[in-house]
There are 2 protein chains.
Amino acid sequence: MTQIKSKKFMLLDPVQTDHIHCESCPIRHRAVCARCEADELELLEEIKYYRSFEAGQHIIWSGDKMDFVGSVVSGIATLSQTMEDGRTQMVGLLLPSDFVGRPGRSGAAYDVVATTDLVMCCFRKKPFEKMMETTPHIAQRLLQMTLDELDAAREWMLVLGRKTAREKIASLLAIIARRDASLHLNAKNGPLVFDLPLTREAMADYLGLTLETVSRQISALKRDGVIVLEGKRHVTIPDMERLLEEAGDDSDGGMLD
Amino acid sequence: MTQIKSKKFMLLDPVQTDHIHCESCPIRHRAVCARCEADELELLEEIKYYRSFEAGQHIIWSGDKMDFVGSVVSGIATLSQTMEDGRTQMVGLLLPSDFVGRPGRSGAAYDVVATTDLVMCCFRKKPFEKMMETTPHIAQRLLQMTLDELDAAREWMLVLGRKTAREKIASLLAIIARRDASLHLNAKNGPLVFDLPLTREAMADYLGLTLETVSRQISALKRDGVIVLEGKRHVTIPDMERLLEEAGDDSDGGMLD
DNA sequence: CGTGCGGTTGAAGAGTCTCAACTCGAGTGG
DNA sequence: CCACTCGAGTTGAGACTCTTCAACCGCACG
């Protein structure tokens with residue numbers, strides 16, 4: 001719907017798309033291939049290729065035939081569903097190392113759209129499926145990742161079904177803040193700072209709200225000092241505890257191992 | 001919250017809980033063990049045991065330590081999350097053959113409650129995890145099942161985030177009707193008939209509504225002839241197409257293989 | 001300098017929730 | 001056998017949250 005083609009984004013082409021060796025791949029230890037041994041990586045090398053997408057580009061259309069699966073190497077994409085009348089719900093946020101596509105199914109179930117410039121490591125589907133049967137390390141890792149996604153989806157169902165608009169926004173900010181912290185491994189006590197990777201509309205689609213409500217609630221959280229905004233996208237969280245209270249989340253974020 | 005202990009339910013003890021051999025198990029070909037060979041089943045026999053629960057009983061408390069995983073053999077259970085202030089959201093409906101628990105994690109993330117009398121086939125967790133590493137058939141099947149659940153969860157996110165109360169109810173009825181049809185393999189053209197396995201409150205928790213709204217919308221669908229109600233739980237769907245329209249679902253239920 | 005897009009804000013309205021009263025049927029006890 | 005209780009479910013009235021429709025801002029880009 002909204003195609004971002006600005007040259008600003010095109011400039012920062014984040015990864016040399018031609019020849020990355022798995023060994024030196026930035027997501028080597030977090031993607032489907034995380035558990036693979038050197039010889040297994042060799043097999044993957046042979047069935048993989050890279051594709052780059054610009055911000056705003058559709059990567060996959062729901063219903064299309066899929067001849068590949070793959071991993072996000074860099075950039076961010078969204079997974080979403082749309083009803084005939086245009087109502088859309090985001091059902092996943094794809095970050096580097098996240099897996100795209102479903103082995104054993106020929107059609108795509110969701111739309112996948114790049115929200116930033118993005119690089120994908122694609123595997124030809126047929127050979128990948130064959131490899132899944134012969135290489136337990138891949139299936140094992142994929143299972144782990146799928147279970148994590150399922151947990152995330154269920155967490156999100158609570159947000160969608162039972163939280164107020166204000167709590168929804170706070171929850172989204174908390175999630176983005178947390179992931180950003182774990183990515184940059186900041187000194188964890190300082191105030192968290194990050195840029196929102198989503199437009200107000202995309203946030204609304206994630207949260208089951210309208211973009212106006214998103215805007216209003218962000219303004220309210222800013223007015224109440226829960227967050228500090230510079231420009232439209234740059235966010236500072238002075239007090240994470242406070243934000244979590246606003247999100248209705250119980251304190252310490254319930255770590256389960 | 002509402003413990004059903006009626007003797008009526010206790011009478012129909014649906015499965016002989018003591019000695020089921022995997023070979024003759026009713027969920028043999030749909031559960032985690034679906035792909036297992038005879039020798040693999042032998043290994044499972046050794047680490048499994050059965051537990052029965054009465055309608056209303058808590059099977060697992062969120063946060064508790066889990067020393068088993070398992071499959072629902074008969075009966076229905078719900079998976080749900082609760083916030084401190086009592087708001088609860090159902091995040092899954094467990095039917096016969098569905099898997100419970102997460103290998104590789106020690107704590108339970110959700111409450112699991114039996115809504116009918118229920119029998120579970122439990123596997124001791126440690127040996128099961130060991131078996132997952134040595135028996136690809138189990139991990140493969142579990143991956144398949146987890147991917148299905150993830151799709152269901154995402155489908156549900158659309159319902160929670162974007163559908164109206166009326167559409168939500170219609171969606172739930174459609175899902176229950178569909179599963180019931182696939183279970184009983186009815187002549188598929190006749191009007192669908194089934195009993196609601198959930199109270200109004202449970203439906204509300206599933207749909208992110210209040211029980212009053214659920215009741216009102218069911219009454220409205222009845223008044224408009226979309227469904228026929230006998231008593232509070234017995235439902236007839238005269239026209240499935242019509243119901244799907246009401247659910248906002250695109251026609252033919254988009255079968256992907 | 002106009003145009004387009006992301007974002008903000010206001011006013012009015014619709015949809016859902018809250019609170020409350022009531023019905024119905026099943027089980028209980030005198 | 002009947003009055004009683006208790007839980008599930010229904011229905012109504014009013015309150016409140018969020019949406020809808022609309023105007024407007026500001027920045028980037030051509």
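Throughout, a chain's letter reflects where its sequence line sits, starting with A, and its residues are numbered from 1.
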Expressed as a whole number of angstroms, how long is the span from [X]:[atom1] to [N]:[atom2]?
X: Asp205(A); N: dG6(C); atom1: CG; atom2: P; answer: 13 Å
X: Arg233(A); N: dG6(C); atom1: CZ; atom2: P; answer: 9 Å
X: His234(B); N: dA8(D); atom1: NE2; atom2: C1'; answer: 19 Å
X: Lys232(B); N: dG25(C); atom1: NZ; atom2: P; answer: 7 Å
X: Glu230(A); N: dG7(C); atom1: CD; atom2: C1'; answer: 17 Å
X: Leu229(B); N: dG9(D); atom1: CG; atom2: P; answer: 11 Å
X: Asp195(A); N: dG7(C); atom1: CG; atom2: P; answer: 12 Å
X: Leu198(A); N: dG6(C); atom1: CG; atom2: P; answer: 13 Å

Between Glu212(B) and Arg216(B), does at least one N-O distance fall below 4.0 Å, as a salt bridge requires?
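Looking at Arg216(B) together with Glu212(B), the answer is no, because their closest N to O distance does not fall below 4.0 Å.
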Minimal heavy-atom distance between Ala55(B) and Asp117(B), with the atoms involved, is N-OD1, 2.7 Å
Does a side-chain heavy-atom distance below 4.5 Å link [X] with [Y]?
X: Val91(A); Y: Trp156(B); result: no
X: Ser71(B); Y: Met145(B); result: no
X: Glu155(A); Y: Gln81(B); result: yes

Can you give one letter per nucleotide of nucleotides 11-21 of chain D, going 5' to 3': B for a protein heavy atom under 4.0 Å from the base, S for sugar-phosphate only, - for none?
BBB----SBBB
Output all residues satisfying side chain to side chain contact (heavy atoms under 4.5 Å, CB included) with Ala220(A), sequence neighbours left out; order by chain, then residue number.
Arg166(A), Gln217(A), Arg223(A)
